[in-house]
Amino acid sequence: MFANVMTAFLGDTLPTAFYSVTLTIALIFINLRGVKVSTLVQSVIAAVMVTSLFALGFVGAAGIGTGDAVAQPLVLDTELDDILPLTTTAFWLFIGSEFIIPLGKDMKAPKRDIPRAMFLSLAIMCVIQSLMTAGFAHYTPWDELAVSDSPHILYAVNMLGGLGRVWIIIVAILAAVSTQNSIIGCIAEICCGMAKIGLLPALFQRKNRHGAPYVVILLLGILTILIEATGLSSGDAIQFLILAASLFWMISYIVSHINVMVLRHSTPQVPRTYRVPGYPVLQLFAIVGTLYMIWHISPDPSERLEIFAITGVSTLLLAIYAYVWVRKRLHISIFHRVPLSKVMAMEDPLYYLCRHPQHVPTPPDAAPRAEA
């Protein structure tokens, strides 16, 4: 989407992939500088982006833009069965609030800040997207909106003219940087943590002098560049990619809900950093709702089957890897319950170092602690 916006603004002199690949390379270097640099960039960009989106939505919803307003109904005369399948697309707007969790070890008060940040981010995005929807109704004809590859440019230009075009370009840049920066940084931390407890190869937790897990960052960056350079993220494919990615996220959320119920049942007295309210009603409601969105992931039956096929094959490959790795490498059963004492020990930075010192360079302060 960022590349489409830049092409629409600057023309097609340069290939569309040039913009997205350049941005990816820049973010790789930012994340290689360590979590402090990447989170500083993320905080500033996210704050400006969210404020801008709120302002654009408010101006449109209030009908105070400089462009000509469109006389069209806000509520379309559409059957409910045609609207409900679109919840999967809307779901994409709210995923990712959990990306803050891997950064908890770098926070001063994660027990307080992580739940607060997740709830606030979901509520803020709900307000912003609701305002944007009302704004679109005031300034963008539905027919034009349905066929546009860059609907936000259409909205901003119709509402504010030249100013809107420049403003939405800035927002598009900020949105692209914020999204991709958070994905690279957080996925890298997740893979590093999985390698630390033996669920991924030790190579994934190698860090540079800035403390950045550079192997994962480079792998993610190269994969992203390949997708961008080969045109797999073209305008025609964006909707399909969003739905396919949403399905992966939905499956992971269902697994998380099941984990919560299993752990709350098996270890009810264990102290928890955050206790999810409404157990097990909220978890069951969320699972049923997610399954509904999965089944109605696309109104096109053929596209739905393609998405299911891609997800099914990918999940099967991951399951095979998990089974072989856990059984042959870790020598435990797939559903082996890890003792609580071991889980708590895994939180220590020296957990993996003490067991596999040949794979991880010894930190400067590790020797005295290990001897102690």
Side-chain angles (χ1 to χ4, degrees), residues 87-88 90-107 109-126 182-183 185-200 245-297 311-312 314-316 318-319 321-323 325-326 330 332-348 351:
T87 54
T88 306
F91 171 82
W92 179 257
L93 302 173
F94 296 95
I95 64 176
S97 62
E98 72 278 7
F99 275 14
I100 192 176
I101 295 175
L103 304 178
K105 57 184 177 55
D106 299 304
M107 298 179 186
K111 182 176 182 179
R112 177 198 65 192
D113 292 343
I114 288 180
R116 183 182 298 177
M118 293 179 70
F119 280 118
L120 280 175
S121 64
L122 292 172
I124 290 171
M125 289 312 301
C126 182
S182 63
I183 289 175
C186 293
I187 296 298
E189 292 290 338
I190 290 173
C191 291
C192 183
M194 292 177 68
K196 173 185 167 185
I197 60 176
L199 295 180
L200 285 176
S246 294
L247 182 52
F248 275 104
W249 247 292
M250 291 177 191
I251 293 174
S252 69
Y253 285 174
I254 290 176
V255 172
S256 296
H257 289 306
I258 294 174
N259 288 342
V260 169
M261 292 191 293
V262 170
L263 292 173
R264 286 283 288 269
H265 176 74
S266 60
T267 56
Q269 303 303 321
V270 172
R272 286 165 166 79
T273 301
Y274 177 77
R275 187 177 290 269
V276 180
Y279 165 82
V281 177
L282 284 182
Q283 287 72 39
L284 293 173
F285 177 78
I287 290 174
V288 172
T290 306
L291 288 173
Y292 175 86
M293 288 191 293
I294 289 176
W295 182 250
H296 295 282
I297 196 164
T311 305
S314 302
T315 304
L316 178 61
L318 288 172
Y321 162 78
Y323 178 82
W325 185 269
V326 172
L330 301 183
I332 58 177
S333 65
I334 289 293
F335 297 103
H336 172 75
R337 180 177 295 174
V338 181
L340 181 61
S341 57
K342 186 175 182 179
V343 173
M344 296 176 68
M346 289 176 180
E347 293 296 316
D348 194 285
Y351 175 82

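These values consider heavy atoms only, across backbone and side chains, with no hydrogens, waters or symmetry-generated copies.
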**Item:** Where A117 and I100 come nearest, the two heavy atoms and their spacing
**Value:** CB-CD1, 3.5 Å

**Item:** side-chain contact (heavy atoms from CB on, under 4.5 Å) involving S341 - partner list, sequence neighbours excluded
**Value:** P339

**Asked** What is the distance from atom CG of L316 to atom OG1 of T311, rounded to the nearest 0.5 Å?
**Response** 12.5 Å

All N/O donor-acceptor pairs, side-chain side in residues 268-291, below 3.5 Å, sequence neighbours left out:
| unit_1 | atom_1 | unit_2 | atom_2 | d |
| --- | --- | --- | --- | --- |
| R272 | NH1 | T267 | O | 3.0 |
| R272 | NH1 | V270 | O | 2.9 |
| R272 | NH2 | L263 | O | 3.0 |
| R272 | NH2 | T267 | O | 3.0 |
| R272 | NH2 | T267 | OG1 | 3.4 |
| Y279 | OH | M261 | O | 3.4 |
| T290 | OG1 | A286 | O | 2.6 |

**Request:** Please list, chain by chain and in numerical order, all residues satisfying ring pair (Phe, Tyr, Trp, His ring centres under 6.0 Å) with Y292, sequence neighbours excluded.
**Result:** H296

**Asked** Of all heavy-atom pairs between P110 and P115, which one has the smallest distance, and what is that distance?
**Response** O-CD, 3.8 Å

**Message:** Using every non-hydrogen atom in the two residues, find where L122 and F94 come nearest and quote the distance to one decimal.
**Reply:** CD2-O, 3.4 Å

**Request:** Examine distances only and state if a side-chain atom of T315 and a backbone atom of G312 form a donor-acceptor pair shorter than 3.5 Å.
**Result:** no

**Asked** Taking only residues two or more places apart in sequence, or in another chain, which ones meet W295 in a ring pair (Phe, Tyr, Trp, His ring centres under 6.0 Å)?
**Response** none

**Fill in**
residues 250-263 vs side-chain hydrogen bond (donor to acceptor under 3.5 Å, both in side chains), sequence neighbours excluded, gives E98-Y253

**Item:** CA sep, side-chain torsions, deciding dist, call: L330, L199, side chain to side chain contact (heavy atoms under 4.5 Å, CB included)
**Value:** CA-CA 8 Å; L330 301 183; L199 295 180; 3.8 Å; yes

**Asked** CD1/I101 to CD/E189 distance, rounded to the nearest 0.5 angstrom?
**Response** 13.5 Å

**Item:** Approximate separation, where rounding is to 0.5 Å, of I124 CD1 and S97 OG
**Value:** 11.5 Å

**Asked** Can you tell me how far CG of L318 sits from CD1 of I251, rounded to the nearest 0.5 angstrom?
**Response** 10.0 Å

**Item:** Partner residues of A123 under the side-chain contact (heavy atoms from CB on, under 4.5 Å) criterion, sequence neighbours left out
**Value:** none

**Item:** For S314 against F248, the heavy-atom pair lying closest together
**Value:** CB-CZ, 3.4 Å

**Prompt:** Where is the tightest heavy-atom contact between L200 and Y321, given as atom of each residue plus distance?
**Reply:** CD2-OH, 3.3 Å

